[in-house]
Amino acid sequence: MPSTKIQHIEDWPLIVKGQWDRDRRTGCPLRVIVAGSALWSMWTGLRNLAGRFMPVKVRHWSFTEMADAFGHTLDQYLFFGGYPGAASLVDDVDRWRAHVSDTIVSPTIEKDIIGLTRVEKPALMRRLVELAGDYSGQILSYNKMLGQIQEPGNAATLADYLDLLSEAGLVTGLSKYSGAAYAARGSSPKLNVLNTALMTMPLKRSFDEIRADRTLWGRIVESAVGAHLHNTAGRKADLYHWRQGPHEVDFVLSRGPNLKGIEVKSGAGAGRRRGRVAFRERFPGARTMLVGARGVPLEEFLSQPAVYWADYDGPFARDETRTETAESEGDEMSNEENGRETVRESTPKYAGAARPDPWRQPIVPGWKESEDYGKEAERKRFMSDGREQIAALARGEGSPWLWERIGEAYMCVIPGHFGDEPADCLRVRVESDGQLLEAALRGLPHFVRREDLPPLAEIVELDQETGGVRYCYPVLASLAATVSAGGDPLKGLDDEGVRRAVGSWYLANHVREPPWYRRAVGEHPGLCADALVTVYRPFIRDGSEHTQRLFDLAADDASAEVARLAVPTLLGVFPTRCAKPQFWALHALLWAGLLFLPREQLEKRIRHRSAARGMDPAQRALWLAAGLFMSAKEYSPEVVTFLLTGREPRAHHMLNFLMPEEPRRRDLPEPWDDWKAPDIGALFEVFGRWFDPWGGERGCRYELTTTGLRADWLLRRWIAILAERGPEGREALGSLARHPELERWYEKVSAARETVCRPPVP
């Protein structure tokens, strides 16, 4: 199979998009795999491929994979971790350590993280990886981490770096579970390596010596459990830790209504029983389980994904009511459902060979979903209910539960079939049952006109409560089927029907823009704006990570009227302190406001919000950056004060707004062309201290991707503008050339100043 280093091709996402669209038009069933070790979030230009790709994260190899492929025992897996490339070196520990360090860990940090993102303190990030290996399984505040690392930095920088390392599959920081998302975000993290090789690799001790150290080996066992849960949870379960005073449980799995506290015990005994009891008392309805000795055997636990254990309701998972005597003797336990029974090494529920690992199923046409053991029951229920309601389905009636799954299939959002033909995806869903397929296809165009469909506001409320989009995919599928049949999808829809249709598009993920959407925006901008506000008001309030459609607002002029009507309302929804998803939503809405709102209206909003007290620095950075587009004379003094009293993240946030990675519109005048020389000089002084000049000449600003390149382009542009401003520009350049904190820019500034001072050639 031919392959190439695609990152070396200029504008590769646009090329892939064009080729993909051409293949779709010509009916070519080609699938393209873009693979790499870099973080998916660091790949640039991916918004150009919206609706055309499905990210597939390749996790660390599990215990069952290493055992099947290389014959690793449980102890070998705990020591050597899940790196298959190093598996052949387990007999030579020194060579194994060198291989993991030099060819896996170091390139991941240097090339995949530092090489693709703006990391101001690389030494701090490297020391954070080392610290995580030493303190994996322990709860450390960011200030305590800084004290251990002894590198300059702050808590915000450490938190950002920990997020990058987690995305790269090296280290994660587990938040404390409290039942409230805002409290979890502010807690001290529990460090956990995502591959136990990161713990054993730096140690200068043999396998037998580490195995004999019970304390260290216990930490390795606990870290292996945490890594397994994190690597297999994906988006189907959330992983935390919990500690309240002297009581704690090692890990907490949250999956819908299921809450599971997990205690790990590597030696004899029953672990911290009081911690499990305190957890159940603090969160009524929660369940707990013990992993290791006198609980679920470690080998069995590592053979099932996190979602299995989150939903598991067998022995060792229900309320533990063992007496202190039985616990100390270690021979009996009491279970609420099973009564008294003798503790065994394994239970009938999961005894014997491990079930096939669903995370290893190939994503190819024809693959049946097997993500957890509950899928089989759901599949059988769908087929049974569908056959019973064939007549109703043919009329567009029948259970909304059935239509939800029919709609997901027709819109090609079932795993393994992203981008397939709708009828083919639906055929997979109904397991090639011809009668059920015909009924679903016949009834689809009628579904959107059902009188019992709830209004959009109720659909959004259901989405918020259940975490699932109950109606949006069937609505979109119904409209798409109408288009395929040659009909007009919007014909006959009342105002609420149009709102429901457009709102379903805003709610849906992994779906390309429908062909009728632009027409709806042009003919019904007020209804589309109402739908946008209805969908995104609760998303913004709750901090949901669902901002793609907001960025689409500023992509072209087609959404100008919708933005003009909806953006003022949505800008008033943001709280004083924002989470990261709210930050990006604000970024998108402010850009849409700059493009389409009346200047006076937006200027009034910016002036009011930028003066608010108690606002988090990231949000204030966006409001002030937007203010620079309005008036540099008014906002530059406030920007200078803001940046001088903080650290580098503030400058990064402002720069990424002034110079976004993907410009909203290329014909938008650059605001600095009209700025006065003193204002440009003052802003250069505070921005220049955080960004280094890059070597060589840079091209058009729209070709630049990384933050460093865009900062270099902007600061050089400001230097060039000052050089054109006569005496005022000369004075500003002279001041910058003498500034002690701009030494890195002396060469660029001095060269521009000499050009200005040089007499003209006669």
### Task
Step by step, work out the side-chain contact (heavy atoms from CB on, under 4.5 Å) result for Asp250 and Val291.
CA-CA 10 Å; Asp250 294 321; Val291 178; over 6 Å; no
Can you tell me how far [atom2] of [Y] sits from [atom1] of [X], rounded to the nearest 0.5 angstrom?
{"X": "Trp242", "Y": "Arg276", "atom1": "CH2", "atom2": "CZ", "answer": "12.0 Å"}
{"X": "Ser136", "Y": "Asn195", "atom1": "OG", "atom2": "CG", "answer": "10.5 Å"}
{"X": "Arg405", "Y": "Glu408", "atom1": "CZ", "atom2": "CD", "answer": "6.5 Å"}
{"X": "Leu124", "Y": "Arg126", "atom1": "CG", "atom2": "CZ", "answer": "10.5 Å"}
{"X": "Asp238", "Y": "Leu259", "atom1": "CG", "atom2": "CG", "answer": "10.5 Å"}
{"X": "Ser178", "Y": "Tyr240", "atom1": "OG", "atom2": "OH", "answer": "8.5 Å"}

Determine the minimum heavy-atom distance between [X] and [Y], stating which atoms define it.
{"X": "Gly137", "Y": "Ser223", "answer": "N-OG, 4.2 Å"}
{"X": "Glu281", "Y": "Pro284", "answer": "O-CD, 4.0 Å"}
{"X": "Tyr161", "Y": "Lys121", "answer": "OH-N, 3.1 Å"}
{"X": "Arg287", "Y": "Asp311", "answer": "NH1-O, 4.1 Å"}
{"X": "Tyr473", "Y": "Ala508", "answer": "CE2-CB, 3.6 Å"}
{"X": "Thr196", "Y": "Leu78", "answer": "OG1-O, 2.8 Å"}

Less than 4.5 Å apart, any side-chain heavy atom of [X] and any of [Y]?
{"X": "Pro305", "Y": "Lys236", "value": "no"}
{"X": "Phe279", "Y": "Gln244", "value": "no"}
{"X": "Leu216", "Y": "Arg205", "value": "yes"}
{"X": "Arg59", "Y": "Leu194", "value": "no"}
{"X": "Ile262", "Y": "Phe301", "value": "yes"}
{"X": "Ile139", "Y": "Leu174", "value": "no"}
{"X": "Asn192", "Y": "His230", "value": "no"}
{"X": "Leu550", "Y": "Trp584", "value": "no"}

### Query
Less than 4.0 Å between a side-chain N and a carboxylate O, is that true for Lys190 and Glu248?
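Salt bridge between Glu248 and Lys190, a charged N being under 4.0 Å from a carboxylate O: no.
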For [X], all residues meeting salt bridge (Lys or Arg N to Asp or Glu O under 4.0 Å), sequence neighbours excluded:
{"X": "Asp134", "result": "none"}
{"X": "Arg577", "result": "none"}
{"X": "Arg541", "result": "none"}

### Task
Check the pair Leu586 / Gln582 against side-chain contact (heavy atoms from CB on, under 4.5 Å), numbers first and verdict last.
CA-CA 6 Å; Leu586 179 60; Gln582 294 166 324; over 6 Å; no
Under the 3.5 angstrom rule, does the side chain of [X] hit a backbone N or O of [Y] as a donor-acceptor pair?
{"X": "Ser166", "Y": "Leu162", "result": "no"}
{"X": "His228", "Y": "Gln304", "result": "yes"}
{"X": "Glu263", "Y": "Leu290", "result": "no"}
{"X": "Gln619", "Y": "Asp616", "result": "no"}
{"X": "Glu167", "Y": "Leu164", "result": "no"}
{"X": "Ser106", "Y": "Ser101", "result": "yes"}
{"X": "Arg255", "Y": "Tyr308", "result": "no"}
{"X": "Lys260", "Y": "Trp309", "result": "yes"}
{"X": "Gln76", "Y": "Met66", "result": "no"}

### Message
Can you confirm whether Arg95 is buried at CZ, in the sense that more than 12 heavy atoms of other residues, nucleotides or ligands lie under 6.0 Å from that atom?
### Response
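For Arg95, atom CZ is not crowded (no more than 12 foreign heavy atoms under 6.0 Å).
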### Query
Just wondering, more than 12 heavy atoms not from Arg97 lying within 6.0 Å of its CZ?
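Yes.
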### Task
Go through Val307 and Thr232 one step at a time and tell me if the side-chain contact (heavy atoms from CB on, under 4.5 Å) criterion holds.
CA-CA 8 Å; Val307 292; Thr232 60; over 6 Å; no
### Task
Using ring-ring contact (aromatic ring centres under 6.0 Å, His included) as the criterion, list what pairs up with His60, not counting sequence neighbours.
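Only Tyr83 meet the ring-ring contact (aromatic ring centres under 6.0 Å, His included) criterion with His60.
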### Message
Using 30° and 60° as the class boundaries, would you call the ring planes of His653 and Phe583 parallel, tilted or perpendicular?
### Response
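Correct class here is tilted.
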### Mutual orientation of the aromatic rings belonging to Phe283 and Tyr177 [parallel < 30°, tilted 30-60°, perpendicular > 60°]
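Taking Tyr177 first and then Phe283, their aromatic rings stand perpendicular (interplane angle over 60°).
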### Task
Could you note down all residue pairs passing ring-ring contact (aromatic ring centres under 6.0 Å, His included) where residues 85-105 supplies at least one of them, sequence neighbours left out?
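The answer is Phe79-Trp96, Phe80-Trp96.
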### Query
Asp163 and Lys580: side-chain contact (heavy atoms from CB on, under 4.5 Å), yes or no, with the steps?
CA-CA 12 Å; Asp163 288 341; Lys580 184 177 290 187; 3.6 Å; yes
### Message
Quick check on side chain to side chain contact (heavy atoms under 4.5 Å, CB included): which of Leu165, Thr157, Ile109 does Leu128 satisfy it with?
### Response
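Of the listed options, the one satisfying the test is Leu165.
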### Query
Sequence neighbours excluded, which residues qualify as side chain to side chain donor-acceptor pair (under 3.5 Å) partners of Glu130?
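With neighbours one apart ignored, the set is Arg127.
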### Task
Check whether the side chains of Ser141 and Ser188 place a donor and an acceptor atom closer than 3.5 Å, and report yes or no.
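No, because no side-chain N or O of Ser141 sits under 3.5 Å from a partner of the opposite role on Ser188.
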